[in-house]
Amino acid sequence: GTATFDYTISDGRGRTDTATVTVTVQPRPDRAPAFTPAGSNTAQTVTIPFGTVSPVAAVDPDGDPVTYELVSGTLPPGVEPAADFATSGAFVGSPTQAGTYPVVVRATANGQSDETTLVITVPTPATVSGRVFNDLNDDGQVQDGATGIAGVLITLTPIGATPGPVLTTRTLADGTFSFGPLDEGSYLLTEEQPDGFRDGQDHAGTRAVLTPGENDSITVTLGVNPE
């Protein structure tokens with residue numbers, strides 16, 4: 001807009017002069033929103049072992065409302081834009097298939113827009129499995145003649161910063177058990193000694209070690225590897 005004002009100056013000796021000043025303020029050009037934390041046209045990578053896809057987020061420097069649009073690409077099976085995606089940038093559902101899924105999202109505010117490539121990586125699920133069996137020669141190895149023990153209580157406990165609840169299961173008729181899918185991290189695997197059997201050796205498999213000073217206890221560390 002325009003503002004006008006008069007001012008008077010004096011030399012201190014009785015002489016003055018007056019002038020009129022007109023100030024014109026030009027509107028600042030509207031700026032485009034920007035995705036955070038990445039900038040314009042920068043690929044953002046989201047790895048989701050399990051759970052939900054985090055929403056995209058863009059900030060408009062002029063404070064205008066931001067709307068979102070899925071421009072191209074295919075979301076992981078089991079994931080879709082939320083009903084309010086246009087205003088929230090949120091997705092709903094859980095991925096059901098491992099893989100890498102790049103999608104382009106556009107953010108628009110007051111006619112100005114920005115785009116980002118969201119690369120959603122769904123890793124192959126991790127599992128913990130094993131077998132409880134009657135080890136006739138007590139060597140810790142499954143050999144011909146070794147029979148599984150059914151109904152043994154197995155507990156898997158997340159340790160350290162690993163998320164998730166404590167899980168329990170019982171061995172099947174052949175003595176096998178399995179937990180999964182699991183988030184990457186560290187877990188403590190414990191077995192309740194079955195009645196009627198002597199306590200044999202514990203054998204730690206891939207990415208597992210026997211827990212020092214503990215019986216029937218194995219520490220497992222899982223790393224998630226995308227397909």
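All figures in this text were calculated on a predicted structure; none of them were measured in a lab.
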* To do: List the atom of Pro33, the atom of Ala107, and the distance in Å for their closest heavy-atom pair.
  => CG-O, 3.6 Å

* **Set of residues satisfying salt bridge (charged side-chain N to carboxylate O under 4.0 Å, His left out) with respect to Asp11, sequence neighbours excluded** => Arg15

* Starting at OG of Ser10, measure out to CG of Asp17 and round the result to the nearest 0.5 Å. => 10.5 Å

* **Between Thr18 and Thr8, a side-chain donor and acceptor under 3.5 Å** => yes

* **Side-chain touch Val23/Phe5, heavy atoms, less than 4.5 angstrom** => yes

* **Stepwise side chain to side chain contact (heavy atoms under 4.5 Å, CB included) test for Thr116 and Val104** => CA-CA 6 Å; Thr116 189; Val104 177; over 6 Å; no

* **Residues in salt bridge (charged side-chain N to carboxylate O under 4.0 Å, His left out) contact with Arg106, at least two apart in sequence or another chain** => Glu69, Glu115

* To do: Apply side chain to side chain donor-acceptor pair (under 3.5 Å) to Thr20 and Asp6, showing your working.
  => CA-CA 4 Å; Thr20 300; Asp6 297 328; 2.5 Å; yes

* Would you say the side chain of Tyr101 lies within less than 4.5 Å of the side chain of Pro77, judging by non-hydrogen atoms? -> yes

* Structure fact -> All heavy atoms of Asp60 vs all of Ala32, minimum pair found to be OD1-C, 3.9 Å

* Reported OH-to-CD1 distance for the pair Tyr187 and Ile218, which is rounded to 0.5 angstrom -> 16.0 Å

* Asked: Taking atom CG of Leu189 and atom OG of Ser217, what is their separation to the nearest 0.5 Å?
  -> 7.5 Å

* To do: Dump the intermediate steps for side chain to side chain contact (heavy atoms under 4.5 Å, CB included) on Val66 and Val59, then the final yes or no.
  => CA-CA 7 Å; Val66 178; Val59 175; over 6 Å; no

* Asked: Val71 versus Val105: any side-chain heavy-atom pair under 4.5 Å?
  -> no

* **Asp135 side-chain N/O to Gly200 backbone N/O, donor-acceptor pair under 3.5 Å** => no

* **Closest contact, heavy atoms only, Val103 versus Gly73** => CG1-C, 3.8 Å

* To do: Determine, stepwise, if the pair Val21 / Tyr7 fulfils side chain to side chain contact (heavy atoms under 4.5 Å, CB included).
  => CA-CA 8 Å; Val21 176; Tyr7 71 94; 3.3 Å; yes

* Asked: Tell me, do Glu80 and Val92 make a side-chain contact under 4.5 Å, heavy atoms counted?
  -> yes

* Indicate the atoms forming the closest heavy-atom contact of Gly185 with Thr162, along with that distance. => CA-OG1, 3.3 Å

* Test item: Thr157 and Leu167 side chains (from C-beta on) under 4.5 Å apart, heavy atoms -> no

* Structure fact -> d(Phe177 CZ, Arg131 CZ) to nearest 0.5 Å is 11.5 Å

* Asked: So which heavy atom on Leu75 is nearest to which on Val79, and how close?
  -> CB-O, 3.7 Å

* Asked: So which residues get pulled into Val166's cluster when ILVMFWY side chains under 4.5 Å apart are joined, directly or through others?
  -> none

* **Any donor-acceptor pair under 3.5 Å from Tyr68 side chain to Ala58 backbone** => yes

* Given side chains that start at C-beta, do those of Ser129 and Thr176 come closer than 4.5 Å, heavy atoms only? -> no

* **Of Thr168, Thr171, Val128, Thr190, the residue whose pairing with Ile154 passes side chain to side chain contact (heavy atoms under 4.5 Å, CB included)** => Thr171

* Between OG1 of Thr169 and CG of Leu172, what distance do you get to the nearest 0.5 Å? -> 7.0 Å

* For Thr127 and Gly180, work out which heavy atoms get closest and say how close. => CG2-CA, 4.1 Å

* To do: Nearest 0.5 Å please: distance from the CG atom of Leu156 over to the OG atom of Ser178.
  => 10.0 Å

* To do: Taking the side chain as every heavy atom from C-beta outward, state whether Asn134 and Phe197 have any pair of such atoms under 4.5 Å apart.
  => yes

* Would Leu70 and Phe85 satisfy side chain to side chain contact (heavy atoms under 4.5 Å, CB included), going step by step from the backbone distance to the final call? -> CA-CA 9 Å; Leu70 193 60; Phe85 177 80; 4.3 Å; yes

